[in-house]
Protein chains: 2
Amino acid sequence: MNNATLKQIAAQLGISTTTVSKALKNYTDISEKTKKAVIDLAQELNYTPNSFAVNLRTSESKTIGVIIPTVDFHFFSKVFKGVLEEAEKRDYLVIVLRSNEKLELEKKQIDLLLSKRVDGIIISLSNETGDFDHIKKVLAHNTSLVLFDKIAKLVNCSKVSINDRKASYEAVDYLIKKGRKKIAHFRGSYMPQNAIDRFLGYKKALEDNGIPYDSSLVYVCDNFSDFEDGYAAAKTACTEHPDLDAIFTVTDLVAVGVLKALQDLAISVPEQIAVFGFCNSFVSEITTPKLSTVDQPGFEIGRKAAEILFEEIQLKKKRQLIAYQSIELETSLLHRGSA
Amino acid sequence: MNNATLKQIAAQLGISTTTVSKALKNYTDISEKTKKAVIDLAQELNYTPNSFAVNLRTSESKTIGVIIPTVDFHFFSKVFKGVLEEAEKRDYLVIVLRSNEKLELEKKQIDLLLSKRVDGIIISLSNETGDFDHIKKVLAHNTSLVLFDKIAKLVNCSKVSINDRKASYEAVDYLIKKGRKKIAHFRGSYMPQNAIDRFLGYKKALEDNGIPYDSSLVYVCDNFSDFEDGYAAAKTACTEHPDLDAIFTVTDLVAVGVLKALQDLAISVPEQIAVFGFCNSFVSEITTPKLSTVDQPGFEIGRKAAEILFEEIQLKKKRQLIAYQSIELETSLLHRGSA
DNA sequence: TTGTACGCGTTATCAT
DNA sequence: ATGATAACGCGTACAA
């Protein structure tokens, strides 16, 4: 039941492998008769090209790699789904690797992908990633590269992300326009750029609305994909600031913890305290009240990143010039129950 | 910056490619001197073996494929994480494909993986999958195969799953022992075996405890990964059976919908109605009250499936006999707030 | 200790 | 319209 080769087909038909190869690929310079004979036999023998040989010959793997920080974070599932969608259209396969938010692992995974000679790589940088030599190595290897979500402005390649600062600004601005005056921000840790940007958007919105920035209203949730952090921070914040009337969190999961804490404290949402999340992860739909949040379009991000990657792979093949793109996808505010 | 080859190294050192190859692979019959020279130059030129050529030569891809029904379902993320864990240990890469619960797509993905000549495939069958020719084709291709979660008893290969029937039995038995008398079951659709098994476990637990089975207490949630279904079914059930005192659902997400509905109906959980879920997906930790549920060990399932797969790949390589395993991983009841 | 020669399966070039 | 030949890069049996 195994692996017919061009050679075998050729032998059985008493012709050359060249002819067989051409017949199978619909070259014009093969007679209909032999073409038919070849195709029939190929079908009968269940011939499929040996992709190892094809890869070697064409120097293409028809495979791309995706590196994400954590596998079981819903946002990345959405992104991945977008990537798959585009890959399927082109009969490309997708290898998935995780960096676990570790620079060292990220480096290793990149080396692995390069040594596998994937045609391109899509990556969201780990929180630890501060230098970019390993990223530049990808480009040096002439492998296409697209950064998404956690990008590095310093690297010369295409990027797909959202404008965290703007999105964050809009959310806080909205809270203020709705009459909230004392708005806490539960921010992410100091390292990743998006945590910083979201914080800056928060700050700017306050300032633009004439509300003085008060650093005691900012709480750091180090592991900001954990709702325990939000729970704890909410309890502290409510004690320290009894007149708090809104909380804007760096991520939905933190906001879910906040909702839980407020419920335990018998503080009504949104009447007493409004809560605004970030991400539109699917938990935001099942809380009580439902969570108002910034829609971060994961699926679209994945789709776009893959689309650009495949474009660049094609261009590279044709030795055409590549103009790197930096795409910022639109976010929007989702008004649900909590704010 | 590109792609040194054995040939180039050999040329630069004035030796043969054979010697270079051996030196790099630590063959014993190479002098320390040349070995060092080779290794140094290889490092300098940033040599990495061309895996296309290695693949062709060794007929191995050092890659496995995973096919799952849906990418953004948290249970599968956990499984995938387990698979990755094992793959990383062995420097294997993992290609991920989705079947979207469609038989046709599942077939296509399998063909793709086979044509890529992956060393093994791990798959959870789609809900539509009723015949198994495409699965048997994998074995016929001499490619290792492990089924998980949604398995097919008829296919002769290794399998990793849980005992849905037993797990379900235990949950319902627990509810009865706690004094619940009128227990509804929100089941999954009729096709996938696990929905059936969970239902059968429910039924058996009732019977063993002398509670007559009442089919009007069974509600079908077709799209049983959707909490809307649970919400709607709960409202109906509470109307039709005002004396209901427990609901056992096929999946956590359905249970989350149930909790929401009961909250809207001002029915207290677990006092009036106990709710028991299935899966231990992470939403079960953030509901109010927290959801009692069956722990379906996704990570372990993935780990085990991968472990078996890699074992079989190794055995096959050594042309040793393979004894297929059917593993049933232990589940346990997680007692949280809702029951 | 080192090198020669061949094959893995495909494809591209160039003759015929 | 067809085929001979070479090449992709590596690994290994065998010879030297």
Side-chain angles (χ1 to χ4, degrees), chain A residues 2-39 41-42 45-63 91 114-119 141-142 317-319, chain B residues 2-39 41-42 45-63 114-119 141-142 317-318:
Chain A
N2 240 4
N3 304 341
T5 66
L6 292 185
K7 199 195 274 186
Q8 286 166 22
I9 296 178
Q12 279 199 40
L13 294 176
I15 57 180
S16 76
T17 61
T18 309
T19 307
V20 175
S21 174
K22 285 179 174 174
L24 255 14
K25 312 193 88 191
N26 240 321
Y27 272 55
T28 51
D29 57 356
I30 301 291
S31 74
E32 281 307 322
K33 204 177 113 220
T34 35
K35 192 179 287 183
K36 183 170 182 338
V38 167
I39 290 174
L41 184 55
L45 296 181
N46 230 309
Y47 169 80
T48 47
N50 181 324
S51 68
F52 296 158
V54 176
N55 290 345
L56 179 58
R57 192 54 238 240
T58 61
S59 312
E60 276 189 339
S61 61
K62 291 277 189 182
T63 303
D91 279 328
L114 289 180
S115 83
K116 277 285 169 177
R117 284 170 159 68
V118 293
D119 297 342
H141 263 254
N142 205 28
K317 214 164 139 182
K318 298 187 212 148
R319 295 171 194 292
Chain B
N2 238 4
N3 303 341
T5 67
L6 291 186
K7 199 195 273 185
Q8 285 166 23
I9 295 178
Q12 279 198 40
L13 294 176
I15 58 180
S16 78
T17 62
T18 309
T19 308
V20 176
S21 173
K22 286 180 174 174
L24 255 15
K25 312 194 87 191
N26 239 323
Y27 272 54
T28 51
D29 58 356
I30 301 291
S31 73
E32 281 307 320
K33 206 178 111 218
T34 34
K35 191 179 287 183
K36 184 170 180 339
V38 167
I39 291 174
L41 184 55
L45 296 182
N46 232 310
Y47 170 80
T48 47
N50 181 322
S51 69
F52 296 159
V54 176
N55 289 345
L56 180 58
R57 194 56 239 251
T58 61
S59 311
E60 276 188 340
S61 61
K62 290 278 188 182
T63 303
L114 290 179
S115 83
K116 276 285 169 178
R117 285 169 156 70
V118 294
D119 297 343
H141 263 253
N142 206 29
K317 214 165 138 182
K318 299 188 212 149

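No experiment lies behind these values; they were computed from the predicted model shown. Chain letters run A, B, ... following the sequence lines, proteins first and then strands; every chain starts at 1.
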Subject >> Of B/S31 and B/A53, the one whose closest DNA chain C nucleotide lies more 5' >> reply: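 Per heavy-atom nearest nucleotide, the more 5' residue is B/S31.
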
Original post:
Between B/I15 and B/S59, which is nearer to the 5' end of DNA chain C once each is assigned its nearest nucleotide?
Top reply: B/I15

Within this structure, what is the [atom1]-to-[atom2] distance between [X] and [N], rounded to whole angstrom?
X: B/I9; N: D/dG11; atom1: CD1; atom2: P; result: 11 Å
X: B/L13; N: C/dT2; atom1: CG; atom2: C1'; result: 14 Å
X: A/K33; N: D/dT2; atom1: NZ; atom2: C1'; result: 13 Å
X: A/K7; N: D/dA4; atom1: NZ; atom2: C1'; result: 14 Å
X: A/K35; N: D/dT2; atom1: NZ; atom2: P; result: 10 Å
X: B/F52; N: C/dG9; atom1: CZ; atom2: P; result: 17 Å
X: B/Q8; N: D/dC8; atom1: CD; atom2: P; result: 10 Å
X: B/N55; N: D/dC8; atom1: CG; atom2: P; result: 18 Å

Main chain of [Y], side chain of [X]: is a donor-acceptor contact present, judged purely on distance under 3.5 Å?
X: B/D119; Y: B/E60; value: no
X: A/T63; Y: A/S61; value: yes
X: A/N55; Y: B/F52; value: no
X: B/S51; Y: B/V54; value: no

Can you check whether [X] has a side-chain N or O nearer than 4.0 Å to OP1 or OP2 of [N]?
X: A/S21; N: C/dT11; result: yes
X: A/K22; N: D/dT2; result: no
X: B/Y27; N: D/dA13; result: no

Original post:
Side chains of B/T18 and B/S21: donor-acceptor distance under 3.5 Å anywhere?
Top reply: no

Original post:
What does B/N50 touch in the nucleic acid at a heavy-atom separation under 4.0 angstrom: a base, only the sugar-phosphate, or nothing?
Top reply: sugar-phosphate

**OP:** Looking at every strand, decide which applies to A/L6 at a 4.0 Å heavy-atom threshold: base, sugar-phosphate, or nothing.
**Re:** base

Subject >> Position toward the 5' end of DNA chain D (nearest nucleotide), A/T17 or A/D29 >> reply: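 Nearest-nucleotide comparison on DNA chain D picks A/D29.
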
Identify which nucleotide among [options] has an atom closest to any side-chain atom of [X], counting heavy atoms from C-beta outward.
X: A/S16; options: C/dT2, D/dA4, C/dT11; value: D/dA4
X: A/R57; options: C/dT13, D/dC8, D/dG11; value: D/dC8
X: B/T5; options: D/dC10, C/dT10, C/dT11; value: D/dC10

Original post:
Has the side chain of A/T34 got a donor or acceptor that lies under 3.5 Å from a partner of the other kind on the base of D/dA1?
Top reply: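 Side chain to base: no pair below 3.5 Å.
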
